[in-house]
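Below, each value reflects all heavy atoms present in this structure, side chains not excepted, and no hydrogens, waters or symmetry copies. Residue numbers count from 1 along this sequence.
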Amino acid sequence: MALSLSVPVVTRPLPPEVEVNPKKARAWIESLPLTKTIESARAVIQSIEAMNAAKMPGDERVAIVEIYRPVVTVLLDELQAIYAYSSLPLPAKQAEAFDLSAQLITQCCYAYKMLLLEKTGKMILFNAKKSLPGPLFWSMYYLRAQMLQSYKVYYPVPHGVWQEMHQLQLFAEEQGLTAEIVDAGVGATAADLYADALMMSLADPYRLMYQEADKALDLLKQNRGLVEMRTSAEGLNPLRLFVVAMDSDQPPKVLVQGGRPPPGQLLRIVDPGKLVEKLQQRLRSQTSASAPSAKSRATHDLTDLMGRLIRLWGDPPKRQFRRNPTDSAVALCAGIKAICYFTELASQEDPEADARAIREGGTIPLLRIPQDPMSQMIGVEEWHVLNQSANGLRMHRESGGSVSVTVGEVVGVRFVGGRTWNVGVVRWLTMLEGNALEFGVELVAPAADSITIEPTIGGGRSNPALRLLSLVPEAESDTLLTTPETFADLREFELKGKGEVHTVRATTLMERTSRFDMFQYQES
């Protein structure tokens with residue numbers, strides 16, 4: 001098959017400052033100060049970009065990129081440490097690191113794709129089994145890197161990446177190159193890279209929290225060769241199957257009988273059944289080995305992640321609640337400290353003020369967003385609600401704004417006409433074109449009391465916290481939302497709020513993310 005891959009147009013001669021002598025190129029790349037990540041990344045990008053735009057043999061270009069690759073790997077790791085899993089929209093430093101990382105991945109990918117096109121474009125291809133595996137593998141490797149980078153900042157996968165990934169997989173199958181291990185350090189084949197791409201897209205990546213994309217990829221690396229590609233679903237469990245159009249620019253989707261197939265004519269069935277069974281066995285062994293007296297649950301550790309991946313890959317969940325389209329607005333703040341502040345501010349409002357204003361012929365604001373300097377510094381603003389279900393909202397905001405969010409963050413939501421701040425958790429997040437943001441929030445409490453919490457022993461300091469009011473009116477308030485790593489089984493705390501002091505004991509951890517602990521307690 002003929003490959004059609006995006007590469008830069010060769011238009012200019014190689015600048016004299018770009019060294020293509022292997023010995024001198026190695027000396028130059030090793031001289032770069034890796035402690036100056038931004039400056040070094042820019043220098044490497046400029047060098048590879050100049051080679052990609054210059055008229056030079058593909059083998060020579062890739063030979064230099066191969067010399068660069070160990071340093072490129074370090075730079076990508078350092079850049080990722082700056083931008084990955086940050087709140088959105090990305091602050092200036094994180095945005096710069098993300099952009100440099102994307103450029104570095106793209107330029108490396110170009111070099112290998114150009115060599116692949118050069119070799120496959122020849123009328124007669126000698127030593128195909130020796131000359132093709134390298135550029136094919138590394139082209140797919142950097143395409144997968146583009147996908148993973150997008151997931152870690154909740155950005156859409158760049159246009160054309162899926163199309164090229166499908167195309168290279170088909171080419172690898174045609175040439176019999178799917179099982180070649182090109183680099184012992186990576187320890188993967190082209191088929192493994194493709195399976196990683198498929199399964200990461202099916203891991204609901206825009207719901208993954210801090211470092212969970214890395215953990216999911218590690219699980220896939222530990223269980224290589226268990227994802228199968230088929231041309232027919234006959235005789236297989238339809239609940240464990242996905243379909244991918246390999247002539248499209250789309251990821252795989254759930255195979256639903258009677259549903260609309262993805263656009264494209266070349267359809268393949270993705271069968272992760274063996275992978276799911278292996279993870280189930282591992283999960284059972286870990287669960288049976290854990291202490292039976294443990295009271296923690298839903299802590300978003302590796303065991304919890306495996307459970308969620310098993311459900312996603314083995315029995316894709318159905319929507320629990322119907323979504324009702326709406327066209328309304330809410331006030332939004334993010335973080336425990338912000339919710340504590342605005343909850344306390346709301347408690348000081350005069351409930352009779354609106355009635356007096358109406359009697360005096362005035363108007364009242366439909367949406368109460370504090371405009372004082374302190375409130376604006378902490379961060380509160382208006383977000384648009386696209387739809388609403390029994391337990392959540394889909395929110396939208398155009399570019400700009402002062403409130404930043406990430407998956408696993410706790411947010412405060414105040415509805416039109418409302419006097420309390422609902423408490424919710426960000427469950428998914430995506431960045432749209434023009435830097436617009438959308439996220440889904442699960443509402444966990446209709447209101448909360450602002451308090452402080454301090455451990456009675458151990459020398460811990462006092463921290464702001466929220467005592468959540470139950471969604472069930474008649475239930476007692478017995479849930480706390482605190483800063484992360486606060487909970488420990490049966491740990492004793494002193495709660496202060498509304499002029500009262502209570503001594504309580506933590507009982508059950510309900511949820512832990514990188515942003516908060518939510519747990520139940522009892523009065524001591």
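A perpendicular orientation is assigned to the rings of Y206 and Y151, their planes being inclined by more than 60° (bins at 30° and 60°). Using the six-membered ring where Trp is involved, W138 and Y142 have ring planes that are tilted, between 30° and 60° apart.
A salt bridge links E349 with R414: at least one charged nitrogen is closer than 4.0 Å to a carboxylate oxygen. Salt bridge absent: R512 and D301 never bring a charged side-chain N and a carboxylate O closer than 4.0 Å.
Among residues at least two apart or in separate chains, ring pair (Phe, Tyr, Trp, His ring centres under 6.0 Å) pairs with a member in residues 368-401 are W383-F439.
Looking only at distances, no side-chain donor or acceptor of E438 sits under 3.5 Å from a matching main-chain atom of A436.
Checked options L100, T106, V72; the residue passing with I45 is L100 (criterion: side chain to side chain contact (heavy atoms under 4.5 Å, CB included)). Among the candidates R427, R394, R207, the single residue satisfying the salt bridge (charged side-chain N to carboxylate O under 4.0 Å, His left out) test with E442 is R427. With respect to S101, the side chain to side chain contact (heavy atoms under 4.5 Å, CB included) criterion is satisfied by exactly one of Q146, Q149, E78: Q149.
Taking E277 as the reference, R240 meet the salt bridge (Lys or Arg N to Asp or Glu O under 4.0 Å) condition, with sequence neighbours excluded. With sequence neighbours excluded, the residues forming a side chain to side chain contact (heavy atoms under 4.5 Å, CB included) with E39 are K36, listed by chain and number. Contacts of D249 classified as salt bridge (Lys or Arg N to Asp or Glu O under 4.0 Å), with partners at least two apart in sequence or in another chain: none. Residues passing the side-chain hydrogen bond (donor to acceptor under 3.5 Å, both in side chains) test with T452, sequence neighbours excluded: none.
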Name every donor-acceptor pair, under 3.5 Å, that has one atom in a side chain of residues 402-413 and the other anywhere in the protein, sequence neighbours excluded.
unit_1: S402; atom_1: OG; unit_2: E381; atom_2: OE1; d: 3.3
unit_1: E409; atom_1: OE2; unit_2: R515; atom_2: NH1; d: 3.4

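Residue L220 holds its CG atom at 11.5 Å from CG of L193, rounded to the nearest 0.5 Å. Atom OG1 of residue T37 and atom CG of residue L75 lie 6.5 Å apart, to the nearest 0.5 angstrom.
Residue Y155 qualifies as enclosed at atom OH: its count of foreign heavy atoms under 6.0 Å is above 12.
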